[in-house]
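Report on the following structure.
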2 protein chains.
Amino acid sequence: MEKQPYVCGLDAAVDVIDGKWKVLIIWALNHQRCRFGELKRLVPGVSEKVLTQQLRELAADGIVHRESYDVVPPKVEYSLTGLGEELNTALRPLGAWGKRRMATLAETGRG
Amino acid sequence: MEKQPYVCGLDAAVDVIDGKWKVLIIWALNHQRCRFGELKRLVPGVSEKVLTQQLRELAADGIVHRESYDVVPPKVEYSLTGLGEELNTALRPLGAWGKRRMATLAETGRG
DNA sequence: CAGTATCCACTAAGATACTG
DNA sequence: CAGTATCTTAGTGGATACTG
């Protein structure tokens with residue numbers, strides 16, 4: 001969202017998923033719509049500040065939708081937008097590649 | 001290569017392509033094997049230090065192959081390994097997604 | 001519950017100069 | 001040509017405490 005004159009589509013795509021936890025967030029939201037607290041559990045290790053921050057960026061990029069219910073206690077739900085779903089689909093082959101790689105790493109004994 | 005206990009394959013894949021210029025490098029090498037200087041031209045804006053660094057990380061991850069010829073003046077050629085080619089293939093849908101996104105951004109007037 | 005505010009630490013990356 | 005060395009900076013992310 002910031003580098004702007006992208007060299008290629010890949011460049012533009014990476015720009016969106018760049019951020020330590022973003023793909024994990026997108027991944028988590030693929031399975032279900034989530035509340036803030038659920039997300040925190042699904043993305044282990046992330047701090048509230050960073051989670052909020054990356055969620056906002058993702059929302060600004062049109063990847064996630066933020067639905068705020070005006071109740072007490074507060075309730076906010078995050079879900080993928082259509083664009084987000086598409087991104088997730090585009091991400092799938094990469095995930096498969098990474099999975100194979102993890103297996104290889106385990107075999108060749110890095111773990 | 002560092003985060004190690006990956007949550008999913010996507011996590012592992014992103015770890016490999018993480019670095020400001022890595023996808024651009026991989027993209028450039030998809031079209032051809034390149035010498036250091038060529039790469040520098042194909043990845044506009046990268047400094048020598050960073051290019052070297054990311055190339056080494058990519059090599060350590062088994063994505064690129066570094067072939068050094070013992071001549072003078074020095075000649076080194078970089079190319080994708082089999083794993084690198086696979087990664088590139090896995091990256092293609094993401095590139096297509098990004099391309100669509102770029103088009104949308106241009107339409108809706110951010111440029 | 002779902003954040004915000006603050007302050008700190010680390011690292012990625014940039015500029016520049018030098019070398020075999 | 002293909003790097004390496006050094007220094008500096010910007011930005012990202014982490015920990016913790018506080019709020020509507």
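Chain A is the first sequence line, chain B the second, and so forth, proteins listed ahead of strands; every chain is numbered from 1.
Closest approach of B/Leu55 to B/Tyr78, counting heavy atoms only: CG-CE2, 3.6 Å. Of all the heavy atoms in B/Trp97 and A/Leu87, the pair that sits closest is NE1-N, 3.3 Å. In plain terms, the two heavy atoms of B/Pro93 and B/Ala90 that are nearest each other are CD-O, 3.3 Å. Summarising the geometry of B/Ile26 relative to B/Leu80, their closest heavy-atom pair is O-CD1, 4.0 Å, with the distance given to 0.1 Å.
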Nucleotide pairing, DNA chain C (Watson-Crick or G-U, distances under 3.5 Å), in dot-bracket with [ ] and |: ||||||||||||||||||||
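Remark: P of C/dA13 and NZ of B/Lys22 are 8 Å apart, rounded to the nearest angstrom. In this structure, B/Glu57 atom CD and C/dA12 atom C1' are separated by 9 Å, rounded to whole Å. Rounded to an integer number of Å, the gap from A/Gln53 CD to C/dG3 C1' is 13 Å. To the nearest angstrom, C1' of D/dG13 lies 17 Å from CZ of A/Arg56. The separation between A/Leu55 atom CG and C/dA2 atom C1' is 11 Å, rounded to whole Å. Put simply, CG on B/Leu51 is 16 Å from P on C/dA12, counting in whole angstrom units. Atoms CG (A/Asp15) and P (D/dT12) sit 10 Å apart, rounded to a whole Å. In this structure, the NZ atom of A/Lys20 is 12 Å from the C1' atom of C/dA9, given to the nearest Å.
Regarding contacts with the backbone of C/dG3, a side-chain N or O of A/Tyr78 is found under 4.0 angstrom from either OP1 or OP2.
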Hey, mind stepping through A/Leu42 and A/Cys34 against side chain to side chain contact (heavy atoms under 4.5 Å, CB included) and telling me if it holds? CA-CA 9 Å; A/Leu42 288 169; A/Cys34 288; 3.6 Å; yes
Between B/Leu29 and B/Leu39, does a side chain to side chain contact (heavy atoms under 4.5 Å, CB included) hold up when you go through it step by step? CA-CA 8 Å; B/Leu29 287 178; B/Leu39 233 28; 4.0 Å; yes
Residues A/Cys8, B/Leu24; criterion side chain to side chain contact (heavy atoms under 4.5 Å, CB included); working and verdict: CA-CA 8 Å; A/Cys8 63; B/Leu24 260 29; 4.1 Å; yes
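A/Thr81 places a side-chain N or O within 3.5 Å of a backbone atom of A/Gly62 that can act as its donor or acceptor partner. Between the B/Glu38 side chain and the B/Arg35 main chain, a donor and an acceptor come within less than 3.5 Å of each other. Without hydrogens or angle criteria, B/Asp18 side chain to B/Val14 main chain gives no donor-acceptor distance under 3.5 Å.
Every side chain to side chain donor-acceptor pair (under 3.5 Å) that A/Arg33 has, sequence neighbours left out, goes to A/Glu77. Take A/Arg100 and apply the salt bridge (charged side-chain N to carboxylate O under 4.0 Å, His left out) test, not counting sequence neighbours, and it matches B/Glu86.
Within residues 29-44 of chain A, the residues that have a heavy atom under 4.0 Å from DNA chain C are, in order of number, A/Arg35, A/Phe36, A/Gly37. Residues from residues 63-73 of chain B lying near DNA chain D, meaning a heavy-atom separation below 4.0 Å, are B/Arg66, B/Pro73 in numerical order.
Residue contacts shown for B/Gln54 are limited to sugar-phosphate atoms, with no base heavy atom under 4.0 Å away.
Of the candidates C/dG14, D/dG14, D/dG3, C/dG14 carries the atom nearest the B/Trp21 side chain, counting heavy atoms from C-beta on.
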Which parts of nucleotides 15-20 of chain D does protein reach within less than 4.0 Å, heavy atoms only, written one letter per nucleotide 5' to 3' as B for base, S for sugar-phosphate only and - for none? B-B--B
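Ion pairing of B/Glu67 with B/Lys75 is absent here, as no side-chain N (NZ or NE/NH1/NH2) approaches a carboxylate O to less than 4.0 Å. Salt bridge status for B/Arg101 with A/Asp61: present, with a side-chain N to carboxylate O gap under 4.0 Å.
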